[in-house]
K.L.:
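Take a look at this one; I'll ask things after.
Hydrogens, waters and symmetry mates are skipped; everything else that's a heavy atom, side chains included, is used. Along the sequence shown, residues carry numbers from 1. Atoms within a ligand are numbered from 1 in the order they appear, just like the ligands themselves.
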Amino acid sequence: MKDASPAAPAPIRLEDYTPFGFEIDAVELHFTLHPTKTRVRSKIAFRPNPATEDRTFFLHGEALRLIEAKVDGVAVAPIVGEAGLSCAVPDAPFVWEAEVEISPETNTALEGLYMSNGMYCTQCEAEGFRKITYYPDRPDVMAPFTVTIESDLPVLLSNGNPQGPGVWHDPHRKPAYLFALVAGDLVAHSDGFTTVSGAKVDLNIWVRPGDEDKCAYAMDALIRSMRWDEEVYGRAYDLDVFNIVAVDDFNMGAMENKGLNIFNSKYVLASPETATDRDYDLIEGIIAHEYFHNWTGNRITCRDWFQLCLKEGLTVFRDQQFSADMRSAPVKRIEDVLQLRARQFREDAGPLAHNVRPESYIEINNFYTATVYEKGAEVIRMLRILLGPDLYAAGCDLYFDRHDGQACTIEDWLACFEEVAAVDLSQFKRWYTQAGTPRVTARWGVEVDEFVLHLSQSVPSTPGQPLKEPAVIPVLLALYNGGAEVVPETLAVLDGPELRLAWPVAEVGPGAVTPSLLRGFSAPVRLDAPTSFDERLALMRDDRDPFNRWEAGRSVLREDLLNLIEGQAAVTPGLLAAMKAVLGDVSLDPDFRALMFALPSEDDLAQACVDAGMVPDPTQIHAKRQAMQAEIGRAMAADFADQYAQNAPMGAYSPDAVQAAQRSLRNVCLAYLIRAEGPDRARAQYDAATNMTDQMAAFTCLLEAGDADVAGQFEVQWSADRLVMDKWFMVQVAHAAPDHAVAVAEGLSRHDLFDWRNPNRFRSLMAGLTAGNPAGFHDPSGAGYRFLADWLIKLDGLNPQTAARMSTAFEAWRRYDVDRQALMQAELARIAGQDGLSRDLGEMVGRMREG
Ligand code: B3K
Ligand code: ZN
């Protein structure tokens, strides 16, 4: 399927899909583990695939030393190339056997079988299995696996159920990307679960000795996820054991291997002293996400990698629903939309824009994106809004019944909903086949005796897709008049270029009617509505939809910030009054109030400048945002002090939503208060803190206030804790003064603990600059761009996947002034010119240079 040579990467295309010529009845794997000379013996029972005549026998394989190969017990001499081997085989059932040697210790790409702190572990999605043995490494080839592991290490794990020491059998047919193996000196935090049908499941979270007291929250989240999937989606677990392993060196968050999830330790280990509330929140969400993949991804998988959103978009939507049920649903929705806009809208507006279902790729790992994941989830959310919860549930049930055990497409998924709802979803499918964020324009007014709302849509051009067709856009809306909801929430479907909606004036009343549009963010679009500043202040107070209430506040803050950037002298008094009312409104969830006070990010403001026809100046954006924070802090100091006191901790720390919300609001107050009062309160909080949430909040305040000692104190306290030190690296760069940020990052990159081979550590430092300190990254000298490019070039030789991912910091280059554009393009050109550039980074840089 894929050309392995980095020198000549050829795109893979959806339209070229053909099935593999053989099916597999059984796979037996035998591992003899050794750091540099691991032997892998495979025995695979193939038979011709009746769905195709093509009997080409090509097995993927990369960086393998073939020792021997046999067909039906007879030695053969296959033709071996860089990407795999081919061999003459019978047009009848046969058994393939091979032995290969691999070197996990020198596998720095962390793909295939590799080592992390003396432990063996695997990462096979998307195409890592081919670095373990020769195999048809494609998701539509599914098989039951039996695995034997020989090693002196005490804990030997693989997929499925244990059959004896080091022997595992997975009865569920699965693609190779879900294979996993772990061997190490590990200890388990164990529990159990009884499924709805009474089956007992052993649950284990395996960690390095010493970390076992940091697993309780992950285990609790797992048990709640298992129950929730039974109750909400009717999906039960299907093996005797469910294992999770935490590993320190991991390219991503976690991996849903059947029965043996492997996690970045950041998303498993938590104690009040070392993890923030945000960390707990992420652990809960990611544990749930990987668990939910057991049905949406594992039992029903993807036919090919173009269908990635089939499992990822759906599973993200499911984990979002779970978190909404566990915590505050409005807060969860706001947080998800903040992420969507920050990452996916940004992606959709730049050179890396692509369909939720892409149609071609060079390196599939480059398409594990916000568009596939987060926009993919929004598409499922829209489907549920359009059909309603009952038909959505019926469609899911049909999908699970009809396709269990299969490798499927988006067409298979949509057909289930077309069938249960008797609807035609061919236009809706454009959400999968058109890139770009649609823009919805709303205009309204009284026409004779009707209040008329006109909605129209357009989708901007994206690379390779100049022309777009209208999307199906569900718009949840209500109408307000004088603070009253005169038309309750209703669903309008904008499925053509325009839509006219009308209500009798007699119904909506005389005077100014204000629509509350796109409630709950019912579609992933940009909205252009002529709602005045004062109308939005009123919605901020009156809207019954909590999302739109927040959205109204957000948009007035953004508008005021843009006006400050353009020379307005001070924050608008009406805005300050509205903010004051929100802060003191104890009927509102503290977390919601905290979110109302989170100013739009500098990246958000840069995009807002572009939308307003201005060229963003990151230095100016930073300065004005800081100034607004200081002005609000001074204007409302007494209110913040009051809330700071009212939300003081009571009792022992718990990561539950109620306590976390209080800490969140209290720490927002602290961040404003230091602008009015100076750093003493933050210093007192830092010195008294007994949990990482409060310590980290005070730490960042003290960094911003220029405290010369706090970074050293933090380091002395936490230098032995890898996950806490990741935070230390990140926040020092993120909260440095922009004109020093690159120097701080450079200094930290020379620190003894800057282990750049560890993806978490590398990301902490780099993202601290690129995402955490945009004004520093975009320093007019270009030093930030050079710093990043130097490190990407260095990392690419070792870990192309992580290098490629971090390169997206350059994706918004077109937003900026010509000098910055030229500086960024020069760095992209310098990267592109490197000898031996990986397919991963090469593809990303190529797309960013062209787009
Ligand atoms: N499926 C994995 C991601 C694999 C990424 C490969 N580059 C985790 C997840 O989405 O659940
Ligand atoms: Zn996933």
Side-chain angles (χ1 to χ4, degrees), residues 2 109-112 114 121-131 137-139 159 174-180 218 221-222 225 229 244-247 249-264 266-268 282-302 304-323 336 339 343-344 356 358 361-377 380 407 759 763 799-808 838-841 843-844:
K2 175 161 108 171
L110 314 184
E111 201 185 41
Y114 65 94
C121 68
T122 53
Q123 171 55 36
C124 292
E125 187 176 3
E127 299 180 331
F129 192 76
R130 63 190 61 184
K131 295 182 170 179
D137 187 8
R138 39 187 291 168
N159 316 89
K174 66 167 178 291
Y177 83 84
L178 291 172
F179 168 81
L222 173 62
S225 305
D229 212 15
I244 289 176
V245 179
V247 53
D249 298 286
F250 206 63
N251 276 337
M252 62 213 90
M255 178 64 212
E256 70 265 23
N257 317 298
K258 182 81 189 185
L260 176 53
N261 284 190
I262 299 183
F263 269 65
N264 187 323
K266 177 177 164 60
Y267 298 118
V268 173
L282 286 167
I283 289 170
E284 180 179 83
I286 296 176
I287 289 272
H289 179 96
E290 305 310 331
Y291 175 73
F292 296 157
H293 267 313
N294 191 51
W295 273 92
T296 49
N298 299 4
R299 285 184 72 136
I300 305 178
T301 193
C302 304
D304 53 68
W305 290 121
F306 298 102
Q307 320 294 331
L308 185 58
C309 61
L310 179 73
K311 75 179 179 80
E312 295 303 348
L314 177 55
T315 307
V316 170
F317 179 61
R318 275 153 49 70
D319 84 53
Q320 290 177 348
Q321 288 182 298
F322 168 77
S323 294
D336 288 342
Q339 280 296 315
R343 298 177 52 233
Q344 200 280 323
V356 171
Y361 61 78
I362 289 174
E363 170 51 62
I364 186 56
N365 282 326
N366 288 335
F367 285 84
Y368 286 73
T369 59
T371 297
V372 169
Y373 276 63
E374 270 80 34
K375 188 174 178 182
I380 312 276
R763 267 193 297 263
N799 186 335
Q801 213 180 115
T802 293
R805 176 144 296 229
M806 288 305 307
S807 74
T808 57
S838 70
R839 190 173 50 205
D840 308 58
L841 188 55
E843 179 182 27
M844 295 299 273

K.L.:
In the protein, which heavy atom is nearest to atom 7 (N) of ligand 1, and how far is it?
P.N.:
N365 OD1, 2.8 Å
K.L.:
What is the minimum heavy-atom distance between F367 and P358, and which atoms define it?
P.N.:
CD2-CG, 3.6 Å
K.L.:
Have a look around the Zn ion (ligand 2) and list protein N/O/S atoms under 2.8 Å, or say none.
P.N.:
H289 NE2, H293 NE2, E312 OE1
K.L.:
Tell me the protein heavy atom at minimum distance from atom 10 (O) of ligand 1, and give that distance in Å.
P.N.:
Y373 OH, 2.5 Å
K.L.:
Do you know the tightest heavy-atom contact between A221 and I287?
P.N.:
C-CG2, 3.9 Å
K.L.:
Classify the ring geometry of Y373 against H289: parallel below 30°, tilted from 30° to 60°, perpendicular beyond 60°.
P.N.:
parallel
K.L.:
I want to confirm something. Looking only at heavy atoms, which of Q801, E290, R805 is nearest to atom 11 (O) of ligand 1?
P.N.:
E290
K.L.:
Find all atoms of ligand 1 within a distance of less than 4.0 Å from any non-hydrogen atom belonging to E256, and give their numbers and elements.
P.N.:
1 (N), 2 (C), 8 (C), 9 (C), 11 (O)
K.L.:
Please work out which of the three classes, parallel, tilted or perpendicular, describes the rings of F179 and F129, given edges at 30° and 60°.
P.N.:
perpendicular
K.L.:
Please write down residue, atom name and distance for the protein heavy atom closest to atom 6 (C) of ligand 1.
P.N.:
E125 O, 3.3 Å
K.L.:
Given the rule in the side chain to side chain contact (heavy atoms under 4.5 Å, CB included) test, do E125 and L308 qualify, once you have shown the distances and angles that lead to the verdict?
P.N.:
CA-CA 11 Å; E125 187 176 3; L308 185 58; 3.8 Å; yes
K.L.:
For K311, counting its heavy atoms only, list the atoms of ligand 1 lying under 4.0 Å from any of them.
P.N.:
1 (N)
K.L.:
How would you list, by chain and number, every residue that makes a salt bridge (Lys or Arg N to Asp or Glu O under 4.0 Å) with R343, sequence neighbours excluded?
P.N.:
E374
K.L.:
Go through the structure and list residues passing salt bridge (Lys or Arg N to Asp or Glu O under 4.0 Å) with R318, not counting sequence neighbours.
P.N.:
D229
K.L.:
I need the atoms of ligand 1 closer than 4.0 Å to a non-hydrogen atom of M255, numbered in the order shown.
P.N.:
1 (N), 2 (C)
K.L.:
Looking only at protein heavy atoms, identify the closest one to atom 5 (C) of ligand 1 and say how far it is in Å.
P.N.:
M252 SD, 3.3 Å
K.L.:
For a quick test of reading the model, state the closest non-hydrogen atom pair linking A218 to V268 and the distance between them.
P.N.:
CB-O, 3.7 Å
K.L.:
List the steps, then state whether side chain to side chain contact (heavy atoms under 4.5 Å, CB included) holds for K131 with Y114.
P.N.:
CA-CA 10 Å; K131 295 182 170 179; Y114 65 94; over 6 Å; no
K.L.:
Decide if the gap between the ring center of Y361 and the ring center of F306 is smaller than 6.0 angstrom.
P.N.:
yes
K.L.:
Applying salt bridge (Lys or Arg N to Asp or Glu O under 4.0 Å), name anything that partners K266, two or more places apart in sequence or on another chain.
P.N.:
none
K.L.:
Which residue and non-hydrogen atom of the protein lie closest to atom 8 (C) of ligand 1, and at what distance in Å?
P.N.:
A254 O, 2.9 Å
K.L.:
Number the atoms of ligand 1 from 1 as they appear, then name those within less than 4.0 Å of a heavy atom of H293, with their elements.
P.N.:
9 (C), 10 (O), 11 (O)
